[in-house]
Amino acid sequence: MKSKYQKIKGTFDILPPETQLWQEIETIIHQTCQQFGFEEIRTPAVEFVNLFQENIGYETDVSKEMFGWQDQSGKQLALKPEMTAPVVRAYIESGFFRKHPLCRLYYIDSLFRREKPQKGRQRQFNQFGIEAFGSRNSEQDAEIILIANKLFKDLKINNTRLSINSIGSPEIRTKYEVVLKKYFNQNANKLSKVSKKRLEKNPIRILDSKEKEDQSIIKNAPLIKEFISKDDGVHFNEVLSHLKALGIQYNENPHLVRGLDYYNGTTFEITTNSQQSQNALCGGGRYDFLVEKMGGPKVPAVGFAAGIERMMLESKQQPTNKSIDVYISCNDIKHASKGFKIIKEITDNGYKIFFDTNKKNVKNQIKDAIKNKASSILIIDDKILIRNLNSKKENIVSESQILSLLKKQ
RNA sequence: GUGGAUGUAGCUCAGUUGGUUAGAGCCCCGGCUUGUGGAGCCGGCUGUCGUGGGUUCGAGUCCCAUCAUCCACCCCA
């Protein structure tokens, strides 16, 4: 219907029965994360804007796409566009690092980015993610990937592809970018139009190009692998051997990079093979220097974030059928107190009811009860009648008999 | 941010080269019938044709603007 008010662009309501699917998916996420000893963290929707600008990078798109404003006291605030920076902030601010040398957190939360909406890309969207602080060892990278892998399986998402790479430290990346830019500039005349445009702003993206004419140039481009330290190389090989041990298929992609400034070392991405343009379901990696950079102790970390809406587009998970145990008909107000007493008793005993407060006539209530998959209908009038809608048996009962009769059915 | 497409009932859609009171199916509500039971039959409700201008004797239909959605680029989860 035409409404006086409408929702903000890029936002959406989640209505039943879809909310049920969300609940089920969230339950799976909670269970799986907790199975691996991760604990949930919740952070505020709003943060000071510099938390993001200074840590995900001023020049990144995510930073530019923030919903930000100045509040009444002149503070610069923003709705959170990503979760890692807030989680790290909370981790440091709470002193958690003292209590838990190995600290494992997960979240399910709404994030906000002022992008142009399209399928799989909203302005308010939901991510879940995990962050493991305190271990620099390759086993931690592998555990994170294992959890992501298990979650995708548990959520009945098939046709995914894990790409993995090691990108070294931020300094090495800067060096690499200079070399790469030089290389592409030497071959600029052979590059596609799109890639020429990227040359200045984002040369690393050229490596991702799908244009045919770019392929041979990309093939011979210098790889970041050639620049990373020996330790990083050893670490990366360890991660790969853990994945082999786990039987997790991966695709080593020397061109894979991340869009946020804080990553280093292992990076990975899970994409779907279906033809969606927004095919990145999950992205993550190491960020060993972020905690210290944000004023905390020297603590290494690794984590990932996954887009829930995108996963739902891929998930074969179906909402389980909801059903009602007892449909309640109590149409005469003079029996209301008796009716409520009964309702209270059977709900206290765990039964799921539907009370037709609209007071349709009994005939239509029966139809309604069947349509809504009720097991039985309780008709409260001068007498109390309970009818099992599966066996079609009905009994006239006293108030005290109702529970024992329900239990028998 | 750039480009393209689309907006008619709660949903899915019809609506002829512009021509009277704008339609169907599903959903919802009610009645009849079938043993008060998922079917069948009958009836009922719902629309500023996204919004605002313009052209015209006349606009759901043509033009402009605007908003929203979808698709692609870009980027990302």
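Hydrogens, waters and symmetry mates play no part in the numbers below; they use all other heavy atoms, side chains included. Labels below follow one simple rule: chain letters A, B, ... track the order of the sequence lines, proteins then strands, and each chain is numbered from 1.
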Determine whether a donor-acceptor pair (N or O, by modelled atom type, separation under 3.5 Å) exists between the side chain of [X] and the backbone of [Y].
X: A/Asn55; Y: A/Leu51; result: yes
X: A/Tyr176; Y: A/Glu226; result: no
X: A/Lys75; Y: A/Phe48; result: no

What heavy-atom pair brings A/Arg123 and A/Lys9 nearest, and what distance separates the two atoms?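 Distance-wise, the nearest heavy atoms are CD-O, 3.3 Å.
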
I need the minimum non-hydrogen distance between A/Pro117 and A/Gly10, along with the two atoms involved.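 Minimum heavy-atom separation between A/Pro117 and A/Gly10: CG-CA, 3.9 Å.
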
Is the closest side-chain donor-acceptor distance between [X] and [Y] under 3.5 Å?
X: A/Gln140; Y: A/Glu143; answer: yes
X: A/Thr84; Y: A/Tyr262; answer: yes
X: A/Ser110; Y: A/Gln124; answer: yes

Measuring from the side chain of [X] (C-beta onward, heavy atoms only), which nucleotide among [options] has the closest atom?
X: A/Arg121; options: B/A68, B/C71, B/C75; value: B/C75
X: A/Lys119; options: B/C71, B/C75, B/U36; value: B/C71
X: A/Leu389; options: B/G37, B/A68, B/C71; value: B/G37

d([atom1], [X]; [atom2], [N]) in whole Å:
X: A/Ile366; N: B/U36; atom1: CD1; atom2: P; result: 9 Å
X: A/Ile370; N: B/G38; atom1: CD1; atom2: P; result: 7 Å
X: A/Glu65; N: B/A77; atom1: CD; atom2: C1'; result: 12 Å
X: A/Glu269; N: B/C75; atom1: CD; atom2: C1'; result: 12 Å
X: A/Asn358; N: B/C45; atom1: CG; atom2: C1'; result: 15 Å
X: A/Ile56; N: B/C76; atom1: CD1; atom2: P; result: 11 Å
X: A/Arg310; N: B/C76; atom1: CZ; atom2: P; result: 11 Å
X: A/Leu281; N: B/C76; atom1: CG; atom2: P; result: 16 Å

Find out whether [X] and [Y] are in side-chain contact, i.e. whether some heavy atom of one side chain is under 4.5 Å from a heavy atom of the other.
X: A/Phe36; Y: A/Lys150; value: yes
X: A/Leu105; Y: A/Cys103; value: yes
X: A/Arg104; Y: A/Ile130; value: no
X: A/Leu162; Y: A/Gln249; value: no

Might you list the N or O atoms of the protein lying below 3.5 Å from N or O atoms in nucleotides 27-34 of chain B, with each pair's distance?
unit_1, atom_1, unit_2, atom_2, d
B/C28, OP1, A/Lys371, NZ, 2.8
B/C29, OP1, A/Lys360, NZ, 3.1
B/G31, OP1, A/Asn361, ND2, 2.8
B/G31, OP2, A/Asn361, ND2, 3.4
B/G31, OP2, A/Asn364, ND2, 2.8

On a whole-Å scale, what distance lies between the [atom1] atoms belonging to [N] and [M]?
N: B/G60; M: B/G53; atom1: P; answer: 14 Å
N: B/C74; M: B/U66; atom1: C1'; answer: 25 Å
N: B/A14; M: B/U61; atom1: C1'; answer: 14 Å
N: B/G18; M: B/C57; atom1: C1'; answer: 12 Å
N: B/G19; M: B/C13; atom1: P; answer: 24 Å
N: B/G4; M: B/U21; atom1: P; answer: 37 Å
N: B/C67; M: B/C29; atom1: C1'; answer: 34 Å
N: B/C27; M: B/G35; atom1: P; answer: 24 Å

Run the side-chain contact (heavy atoms from CB on, under 4.5 Å) test on A/Gln127 and A/Asp109 for me, step by step, so that the C-alpha distance in whole Å, both residues' side-chain angles and the decisive distance to 0.1 Å come before the verdict. CA-CA 6 Å; A/Gln127 278 190 351; A/Asp109 215 334; over 6 Å; no

Measure distances between side-chain N and O atoms of [X] and base N and O atoms of [N], and say whether any donor-acceptor pair falls under 3.5 Å.
X: A/Glu115; N: B/A77; value: yes
X: A/Arg114; N: B/G1; value: no
X: A/Lys9; N: B/U69; value: no
X: A/Arg113; N: B/C76; value: no

Taking the nucleotide of RNA chain B with the nearest heavy atom to each, does A/Val62 or A/Ser391 sit closer to the 5' end?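 Its nearest nucleotide lies further toward 5', so the answer is A/Ser391.
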
Contact nearer the 5' end of RNA chain B, comparing A/Gln6 with A/Asn126: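 It is A/Gln6, whose closest nucleotide lies nearer the 5' terminus.
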
B/U36 phosphate, OP1 or OP2, under 4.0 Å from A/Gln365 side-chain N/O: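 So the side-chain polar atoms of A/Gln365 never come under 4.0 Å of the phosphate oxygens OP1 or OP2 of B/U36.
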
With the criterion being N/O to N/O and under 3.5 Å, what pairs connect the protein with nucleotides 6-10 of chain B, and how long is each?
none

According to the interplanar angle, ranging from 0 to 90°, do the rings of A/Tyr91 and A/Phe133 count as parallel (below 30°), tilted (30 to 60°) or perpendicular (above 60°)?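 Correct class here is parallel.
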
Under 4.0 Å, counting only non-hydrogen atoms across every strand here, what does [X] touch: a base, just sugar-phosphate, or nothing?
X: A/Leu111; answer: nothing
X: A/Gly284; answer: nothing
X: A/Phe125; answer: base

Secondary-structure stems for RNA chain B, with pairs counted as Watson-Crick or G-U when both distances are under 3.5 Å and runs at least 3 long: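 Stem list for RNA chain B: B:1-7 with B:67-73, B:10-13 with B:23-26, B:28-32 with B:40-44, B:50-54 with B:62-66.
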
